[in-house]
Each structure stands twice: as C-alpha cells, then as structure tokens.
Asks: 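Before I ask anything, let me first share the structure, which is written out below as structure tokens.
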Amino acid sequence: SQQGEEDPQALSIQEGENATMNCSYKTSINNLQWYRQNSGRGLVHLILIRSNEREKHSGRLRVTLDTSKKSSSLLITASRAADTASYFCATASPGSGNTGKLIFGQGTTLQVKP
Amino acid sequence: DGGITQSPKYLFRKEGQNVTLSCEQNLNHDAMYWYRQDPGQGLRLIYYSQIVNDFQKGDIAEGYSVSREKKESFPLTVTSAQKNPTAFYLCASRSGAGDTQYFGPGTRLTVL
C-alpha cells in the first residue's frame, strides 16, 4: 500500500536553482524520511524528521513537516547536476510498532541541467 | 568496509523457474527487508525479518519466500508462482535502535 503521494512527479531545473518536492501522507506518523536514488541504484538516506519536529536542515537540504496537513516538503538549495536523481519520502507509522516498516511514496524525479 | 551487498546485479529467469536473490550485510543489523520496485514507482515491501529465524510477510508476499538462518543473510526466492516477477529488487537493513534503513545496490530480475 502506498502511504503518500509526491508532487511533482518530475522536476527539471537549471543548476544553481532551488528544487522543492512535496510529500503527502494519509495516516499518523512517528517519523518521515527522505531518500535519494540514483538511476539503477539503491536508496540512500538523506534526512529524518520526527512527528514533533517542524523543520530540519542538513547541508543544502531543508525539510519541513506539517502534521496538521499531513504533508512534508524537501528543499534542495543551489542545486548541482549531481543532484539529479529520484527522491522518495517514506513514513513510519505508530501502528508499525518496532518493526521499522516504512511506506514509500512514488517519488519525484529531479533533473538538474548544467 | 561495512555495508550491504546484493548479488547478482542482473538476473534472467525463464518462466517456471525459481530464482534466489542474495542479500548480505556486515553492519550487525538485526532487521532486514526486501522491497520490489517497478518502473517509475515507489518501493513495496515483500518480506521483513526482525531477528534470526523469524520473518513476516509484507504487502506483496505472494509468490516469494525468504529465510533468515544467519543474522548477516536474508535471501529472497522468487518462485514460479510469482506471475509478474520482472522488477528491481532492493534489500535493506536497520539496526534495532535506529529508524534509518540502509539499502543494497539492488538486483534487476528479468523474465525471458
């Protein structure tokens, strides 16, 4: 089952511009995570935000979480060609207990043109 | 060099055959997961294991089987009962204390 939807499905920007991706989810969560996937590769964890947090930063990444709207956004500032990848949000819900089960969105494909 | 490995990278299967995908980790993680990814889609959970000799079905377990005889290893068998097995398969692991999953490089399975 897919917990959330990501928007947009695809995004194309010029190097140096900012990229914003949005994730909406349906049920309550313990945390929301963002992962990156280069074409044909495994996923790499970027950042985790807990349900009691509203904003988190890591380098050029900024994540916000609005639990009242059941949504999150990932902002990549000053994008580089190397940021070209697919980005997925994943949620862990209270009902998962200690299983660590995540439900992934369908992803946003980002292309950064040099 | 710690990490999670999957083999083979590419696998071709004839219809009616069972195939086994390997997943090994040296991160000393308790939990391991198998996901399926179809083109342009997110990941769907096939099976997961929180401890040796125990595993649970995920959302799309039909046509798949797993074992967890060692902490380091969590092989996935795609059986002939899986009618549409062509996909990208990803294995992940997680330490008991953490929330982050660490992924292997994936195996692309194609049915000929």
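Just the heavy atoms: all of them, side chains too, but no hydrogens, waters or symmetry mates, feed the values below.
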Asks: Show the numbers, then the answer: is there a side chain to side chain contact (heavy atoms under 4.5 Å, CB included) between Leu90(B) and Gln37(A)?
Replies: CA-CA 11 Å; Leu90(B) 288 157; Gln37(A) 183 182 36; 4.0 Å; yes
Asks: Under 4.5 Å heavy-atom distance to chain B, tell me which part of Leu43(A) shows up: side chain, backbone, both or neither.
Replies: both
Asks: Count the heavy atoms of every other residue, nucleotide or ligand shown that sit under 6.0 Å from CZ of Arg60(A), and state whether that count exceeds 12.
Replies: yes
Asks: Please flag which part of Gln101(B) lies under 4.5 Å from any non-hydrogen atom of chain A: side chain, backbone, both or neither.
Replies: both
Asks: Taking C-beta and beyond as the side chain, do Thr100(B) and Tyr35(A) meet within less than 4.5 Å on heavy atoms?
Replies: yes
Asks: Is any side-chain heavy atom of Val44(A) closer than 4.5 Å to one of Phe103(B)?
Replies: no
Asks: More than 12 heavy atoms of other residues, nucleotides or ligands under 6.0 Å from CD of Glu62(B): is that the case?
Replies: no
Asks: Mind checking whether Tyr87(A) and Val63(A) sit in one hydrophobic cluster, side chains of I, L, V, M, F, W, Y counted as touching below 4.5 Å?
Replies: yes
Asks: Given that the side chain runs from C-beta out, which part of Asn98(A) has a heavy atom under 4.5 Å from chain B: side chain, backbone, both or neither?
Replies: both
Asks: Go through Lys101(A), Gln9(A), Arg41(A) and name the one with the most non-hydrogen pairs under 4.5 angstrom from chain B.
Replies: Lys101(A)
Asks: Side-chain contact test, heavy atoms from C-beta onward, threshold under 4.5 Å: evaluate it for Tyr102(B) versus His45(A) and give yes or no.
Replies: no
Asks: Heavy-atom distance under 4.5 Å between the side chains of Leu43(B) and Ile103(A), does that happen here?
Replies: no
Asks: Examine Val19(B) and Tyr89(B) and state if one hydrophobic cluster contains both, with Ile, Leu, Val, Met, Phe, Trp and Tyr joined whenever side-chain heavy atoms are less than 4.5 Å apart.
Replies: yes
Asks: Which bit of Tyr35(B) is near chain A, if near means a heavy-atom gap under 4.5 Å: side chain, backbone, both or neither?
Replies: side chain
Asks: What do you reckon, is CG of Leu75(A) surrounded by more than 12 foreign heavy atoms closer than 6.0 Å?
Replies: yes
Asks: Report whether Val111(B) and Leu21(B) are members of the same hydrophobic cluster (ILVMFWY, side-chain heavy atoms less than 4.5 Å apart, transitive linking).
Replies: no
Asks: Rounded to the nearest 0.5 Å, what separates atom CG in Asp99(B) from atom CG in Leu102(A)?
Replies: 8.0 Å
Asks: CD of Glu69(B): more than 12 outside heavy atoms within 6.0 angstrom?
Replies: no
Asks: Can Leu11(A) be reached from Ile76(A) by stepping across I, L, V, M, F, W or Y side chains whose heavy atoms are under 4.5 Å apart?
Replies: yes
Asks: If every non-hydrogen atom of Phe88(A) is compared with every non-hydrogen atom of Gln37(B), which pair is closest and at what distance?
Replies: CZ-NE2, 3.4 Å
